[in-house]
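Computation of the quantities below employed the complete heavy-atom set of this structure, encompassing side-chain atoms and omitting hydrogens, waters and symmetry-equivalent molecules.
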Amino acid sequence: SEMVPGRPLLFGLLGFVLALLALDGRIDPRWMVLVGYVWVNTHGSFPFALVLAATMALGRRLDDGRWGPEVRVTGWIAGGLALGVVNPQGIKVLLYPTLLARRTEAFQSIAEWQAPDFTHWFQVATAALLVLAVGLLVVRARSWRDAIPLVLFAGLGLTSARNLVVLLILLVPVLAGALPEVGPAVADVRRAILGPARIVVAALVVVFTVAALQRPDVVLDAYPEEATTWMEDEGMWGPDSRVVAPDFVGNLRAAQAGAEARIFIDDRVDMYPMEIIDDYLVVLRAEPGWQEVLDEHGTTAVLWQRDTDLGRAIADDPGWRPVHRDRDWTVFVPA
């Protein structure tokens, strides 16, 4: 779950895989019309398909001195994406990525949009595979068709953690084409290992299923469960409440209470007016004027982590008093 959030991003990743298969001639590129239409209407990462196809086409041109089949695949991808305007929002769907580009600062407060810190094993593993791929391309393969998209998506992955999984998907065919062939051909050993492989796969399915069932369905250790429950009991999430909390707490409340969540903001920053996002960043960073922001929004309570800039600033401010504390979180109300 750290690697691939269970959200519409999964549709984008599937579309990216299908685009790779079409560009490698493994599926009929005409399928990309349907794929493009679905992709546009499910996730805003659809420009990745055009970027991938265009850079591979350019790389083919540099490798062979001519345009290859990637140009035709690019056309089918573009057609599918253009067809995506057939929806209630029309062309606004295609313009959605430009909205993200205009809100770069807003996304800086969201962890998955920040550069990876390489504290997770899959981030380190992806970086290691990237180094291996670059080394193989320089020493052995020397293919512009692989190198250009790899450099571009490596830049996207190293500047935004959510794009690392896209880079990882791209690394699979790059490494498959660049690694030297070692050992017997697959066709020669397929029959010999097919039977044992089926047994191993079935056993792994059972093992992983049992292991997954031993874990809780949802792990909420990072969320203020105790504090939000206390506030619920005290009526602090009522119809007239205006609670300010970090964006991920907004996610929790939206999951718990739906339309009755009474949240200030959650991490879907592309869905909020820029005025709200600017105010949230002032509060998040405890910048000068954070008190005025809370006053302007008629804040009835602040739920915040103690060991943060705002947590320390509001604890020292005589205009606010704590009414509940647990291990990491404090609930403040106007004094």
Side-chain angles (χ1 to χ4, degrees), residues 3-101 133 137 141 143-157 160 162-179 185-187 190:
M3 194 169 176
V4 185
R7 299 198 302 249
L9 173 60
L10 291 173
F11 291 100
L13 299 179
L14 179 59
F16 194 78
V17 170
L18 293 172
L20 277 171
L21 293 175
L23 287 161
D24 280 346
R26 296 179 180 272
I27 63 172
D28 192 318
R30 289 174 291 187
W31 280 109
M32 293 309 300
V33 175
L34 177 60
V35 172
Y37 175 79
V38 174
W39 196 344
V40 167
N41 286 282
T42 52
H43 196 255
S45 61
F46 59 86
F48 283 171
L50 276 180
V51 172
L52 176 67
T55 52
M56 281 192 171
L58 176 61
R60 174 79 71 179
R61 173 73 178 180
L62 294 175
D63 285 335
D64 301 341
R66 59 179 179 81
W67 298 107
E70 291 82 3
V71 174
R72 185 166 64 93
V73 179
T74 303
W76 287 113
I77 291 175
L81 299 183
L83 188 63
V85 302
V86 183
N87 70 82
Q89 295 194 31
I91 197 170
K92 288 174 61 178
V93 174
L94 289 181
L95 298 178
Y96 177 75
T98 65
L99 171 68
L100 304 185
L137 287 175
S143 166
W144 287 109
R145 184 182 181 276
D146 288 337
I148 296 177
L150 182 61
V151 169
L152 182 60
F153 282 97
L156 293 173
S160 178
R162 66 180 283 127
N163 291 326
L164 269 184
V165 67
V166 180
L167 172 61
L168 185 60
I169 292 172
L170 180 61
L171 282 169
V172 173
V174 172
L175 287 171
L179 285 169
V186 174
R190 181 177 297 164

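For the pair Arg60 and Pro69, the tightest heavy-atom approach, listed with the atom from each and the gap, is NE-CD, 4.4 Å. Pairing each heavy atom of Ile91 with each of Val85, the nearest pair is CA-CG1, 4.1 Å. Of all the heavy atoms in Ala147 and Leu137, the pair that sits closest is CA-CD1, 4.0 Å. Residues Ala22 and Val73 come closest through the heavy atom pair O-CG2, 3.8 Å. Taking all atoms of both residues into account, the shortest heavy-atom contact from Met32 to Gly15 is CE-O, 4.4 Å. Taking all atoms of both residues into account, the shortest heavy-atom contact from Met56 to Pro149 is CG-CG, 4.0 Å.
Distance check, rounded to the nearest 0.5 Å: CD of Gln89 to CG of Asn87 gives 6.0 Å. With values rounded to the nearest 0.5 angstrom, Ile169 atom CD1 is found 11.5 Å from Leu164 atom CG. Of the inter-residue distances, the one linking Asn163 atom CG with Phe153 atom CZ reads 8.5 Å to the nearest 0.5 angstrom. To the nearest 0.5 Å, atom OG1 of residue Thr42 and atom OH of residue Tyr37 are 10.5 Å apart. To the nearest 0.5 Å, atom CG of residue Asn41 and atom CG of residue Leu94 are 8.5 Å apart. With values rounded to the nearest 0.5 angstrom, Leu13 atom CG is found 11.0 Å from Phe11 atom CZ.
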Pair Ile77-Leu52, side chain to side chain contact (heavy atoms under 4.5 Å, CB included): steps then yes or no: CA-CA 10 Å; Ile77 291 175; Leu52 176 67; over 6 Å; no

Between Phe48 and Val166, is a side chain to side chain contact (heavy atoms under 4.5 Å, CB included) present by the stated rule, with each step listed? CA-CA 9 Å; Phe48 283 171; Val166 180; 4.0 Å; yes

For a side chain to side chain contact (heavy atoms under 4.5 Å, CB included) check, start with the C-alpha distance between Phe16 and Trp39, then their side-chain angles and the critical distance, and finish with the verdict. CA-CA 9 Å; Phe16 194 78; Trp39 196 344; 4.1 Å; yes

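One N or O on the side chain of Thr74 and one on the backbone of Glu70 form a donor-acceptor pair closer than 3.5 Å.
The only member of Thr55, Leu62, Leu58 that meets side-chain contact (heavy atoms from CB on, under 4.5 Å) when paired with Trp144 is Leu62. Evaluated for a salt bridge (charged side-chain N to carboxylate O under 4.0 Å, His left out) with Arg145, the options Asp64, Asp63, Asp24 yield exactly one hit, Asp24.
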